[in-house]
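Quick notes on the structure that follows.
Indexing begins at 1, ligand by ligand and atom by atom, following the structure's order. Atoms considered below: every heavy atom in the structure, side chains included; atoms not considered: hydrogens, waters and symmetry mates. Quick caveat: nothing in here was measured; it's all calculated off a predicted structure. Along the sequence shown, residues are numbered consecutively beginning with 1.
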Amino acid sequence: MRIVVQKFGGTSVATAEAREKVVEKIAAAQEQGFQTVVVVSAMGRKGEPYATDTLIELAHSVCPGISAREMDQIMCCGEIISAVIMAGTLQAAGIDALMLTGGQAGIVTDHNFNNARIQKVEPSRLLYLLKTGKTPVVCGFQGTTTDDEFTTLGRGGSDTTASALGAALNAQMVEIYTDVDGIMTADPRIVNNAKILDMISYGEVCQLAQQGAKVIHPRAVEIAMQKNIPLIVKSTFSDMPGTLITNLSKEDTDGIYVADRVATGVTYMNHIAQIRVSLGDNVACDAAFKVFKAMSDHKISVDLINVLPDWVMFTIPQDLAETATKILEKNGFQVEAVLNCAKVSVVGGGMREVPGVMASFVEALAQHRIPIMQTVDSNASISVLVKQSDLAQAVTALHEQFGLASV
Ligand code: ADP
Ligand code: MG
């Protein structure tokens, strides 16, 4: 069997016109001899009646602290509605489709409600359906535990569903259909001359996704990478070829080893708070440990970490700033939380050991008088913390500086 998994995001299933495009994409794959497994997200974005955010607001309106388990039950509804509507649309077009929940499609997760991890995929039911000529339409973003509790996989989790099914079914490829023509050198909502990348390595796209490019979920990339299944990110609304994510070699790319690019893209995360902890009289070898232990005990994950002899600095999501401050003050530390920050990163598989990358990065920001609040770098990325109000200008300046508008 030649299987393709086709995942359609929120905007791709939001309207009747969009769903007609989805039918065309599925029919085209089947005409090419593929057996297709369809994965769908909830319909539409914030403010629309069946979007995940709308369901979250509904639950919060009756109880702001509603339990994570109940929250997952309502969050699963968005994909269930979407999958039924998509299966119906396919049936109306003469395709023998049927909807399945994540659990019915064999996705088994742990009990970590709201952010569950897929433990295994049991593909026998899907394989049987494909053999009998059916087109399964699977609810993205959800699974069930071994004791039949519904769980959700965290934001962007439908991408993970698609990759996990692709891996379990040994698919030829996994197609991620969205509202942009592929993975771009920057978020097109911020940089108007961002370019589509024809190809990108698993490693680079993982970095881009981890540093905030919401176009694909990093976990989805990791799963596809483990099984070496090609991922293609493309638009539901055009016939452009999209971006191929794969393990690239020089031969595949006409001698240009794209993972060697110094810069592949610029990405960002916003709504970040910088936490500055003065260790004060607490200056002892274990003071920094106490700070991080307190955060981890409260399941607050920290980023952009700097430890100095009498200071510790790190960033957290802004909505946790008040809680984190209280916890640290209780532990006897003086804390300052700087709100409304954003992290801007340049990602490139080939930036390691290339002299001058940092200088170039800092130059771009200096030219626009954008103050840098903190920096961090890895083999394949450099990130800075800036004020949220400087975000768009910083992303645009770095995109220009690294020549990304002309890739
Ligand atoms: P879907 O609902 O289809 O999963 P998402 O909103 O999750 O769609 O992802 C697509 C969006 O990701 C695009 O509309 C775009 O604004 C945003 N995006 C952010 N960074 C990038 C990037 N580097 N390349 C392409 N799109 C990006
Ligand atoms: Mg998405």
Side-chain angles (χ1 to χ4, degrees), residues 5-15 18-19 21-22 25 38-48 50-54 78-79 82 86 139-142 152-163 174-201 204-221 231-238 240-245 261 263-270 342-348 381 391-392 394-396 398-399 402 404-405 407:
V5 177
Q6 299 181 299
K7 179 254 167 176
F8 297 91
T11 44
S12 303
V13 290
T15 63
R19 290 190 290 272
K21 300 275 177 208
V22 170
K25 300 291 179 194
V38 178
V39 174
V40 290
S41 299
M43 295 183 335
R45 297 232 164 100
K46 200 171 181 151
E48 295 180 51
Y50 311 112
T52 306
D53 282 311
T54 311
E79 275 68 18
S82 180
M86 200 61 240
C139 300
F141 175 62
Q142 58 173 254
T152 65
L153 307 176
R155 277 298 152 114
S158 295
D159 297 337
T160 312
T161 303
S163 260
V174 173
E175 295 180 327
I176 306 286
Y177 284 94
T178 182
D179 60 351
V180 283
D181 279 322
I183 296 182
M184 303 176 83
T185 50
D187 187 345
R189 287 182 220 192
I190 292 205
V191 178
N192 55 21
N193 60 356
K195 292 280 178 301
I196 296 157
L197 297 157
D198 299 338
M199 283 198 188
I200 187 166
S201 67
E204 280 183 311
V205 83
C206 248
Q207 281 280 340
L208 277 177
Q210 276 159 3
Q211 300 302 345
K214 276 190 320 194
V215 63
I216 189 160
H217 195 287
R219 186 81 194 113
V221 182
L231 280 170
I232 298 156
V233 177
K234 49 162 71 164
S235 172
T236 301
F237 308 97
S238 80
M240 299 283 281
T243 304
L244 172 66
I245 308 172
R261 290 179 291 217
T264 303
V266 184
T267 179
Y268 65 92
M269 285 185 209
N270 44 25
K343 181 183 182 187
V344 180
S345 309
V346 172
V347 169
S381 70
L391 170 67
V395 172
T396 310
L398 290 165
H399 191 260
F402 285 92
L404 291 170
V407 295

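Looking only at protein heavy atoms, the nearest one to atom 3 (O) of ligand 1 is Thr178 OG1, 2.7 Å. With hydrogens left out, the protein atom closest to atom 4 (O) of ligand 1 is Lys7 NZ, 3.1 Å, a heavy atom. Ranking the protein heavy atoms by distance from atom 21 (C) of ligand 1 puts Asp187 CA, 3.8 Å first. When hydrogens are left out, the protein atom nearest atom 13 (C) of ligand 1 is Asp179 OD1, 3.5 Å; that is the closest non-hydrogen contact. Scanning all protein heavy atoms for the shortest distance to atom 5 (P) of ligand 1 gives Arg45 NH2, 3.5 Å. For atom 23 (N) of ligand 1, the closest heavy atom belonging to the protein is Met184 O, 2.9 Å.
When heavy-atom distances to ligand 1 are checked against a 4.0 Å cut-off, Lys195 has no atom that comes that close, whether in backbone or side chain. Within the 4.0 Å heavy-atom criterion, both parts of Val215, backbone and side chain, lie near ligand 1.
For Pro188, no nitrogen or oxygen atom sits less than 3.5 Å from a nitrogen or oxygen atom of ligand 1, counting backbone and side chain alike. Considering backbone and side-chain N/O of Gly10, one or more are found under 3.5 Å from N/O of ligand 1. For Arg189, a nitrogen or oxygen atom sits less than 3.5 Å from a nitrogen or oxygen atom of ligand 1, counting backbone and side chain alike.
Considering OG1 of Thr160 and CZ of Phe141, their distance stands at 10.0 Å, rounded to 0.5 Å. Annotation: the span from Met184 atom CE to His399 atom NE2 amounts to 8.0 Å, rounded to 0.5 Å. Taking CG of Leu197 as the start and CG of Asp181 as the end, the distance is 12.5 Å to the nearest 0.5 Å. Note: Ser235 OG to Ile176 CD1 = 13.5 Å, rounded to the nearest 0.5 Å. Note: Asp187 CG to Tyr268 OH = 4.0 Å, rounded to the nearest 0.5 Å.
Counting atoms of ligand 1 from 1 in the listed order, those under 4.0 Å from a heavy atom of Lys214 are 7 (O), 9 (O), 19 (C).
Residues Met86 and Arg19 have side chains in contact (heavy-atom distance under 4.5 Å, counting atoms from C-beta outward).
Side-chain N or O atoms of Thr54 include one that pairs as donor or acceptor with a backbone N or O of Glu48 at under 3.5 Å.
Contact analysis puts Gly182 in contact with ligand 1, with a non-hydrogen atom separation below 4.0 angstrom.
Side-chain contact, Glu175 with Gln6: a donor N or O sits under 3.5 Å from an acceptor N or O. Judged by distance alone, the side chains of Gln142 and Thr152 never bring a donor and an acceptor atom under 3.5 Å apart.
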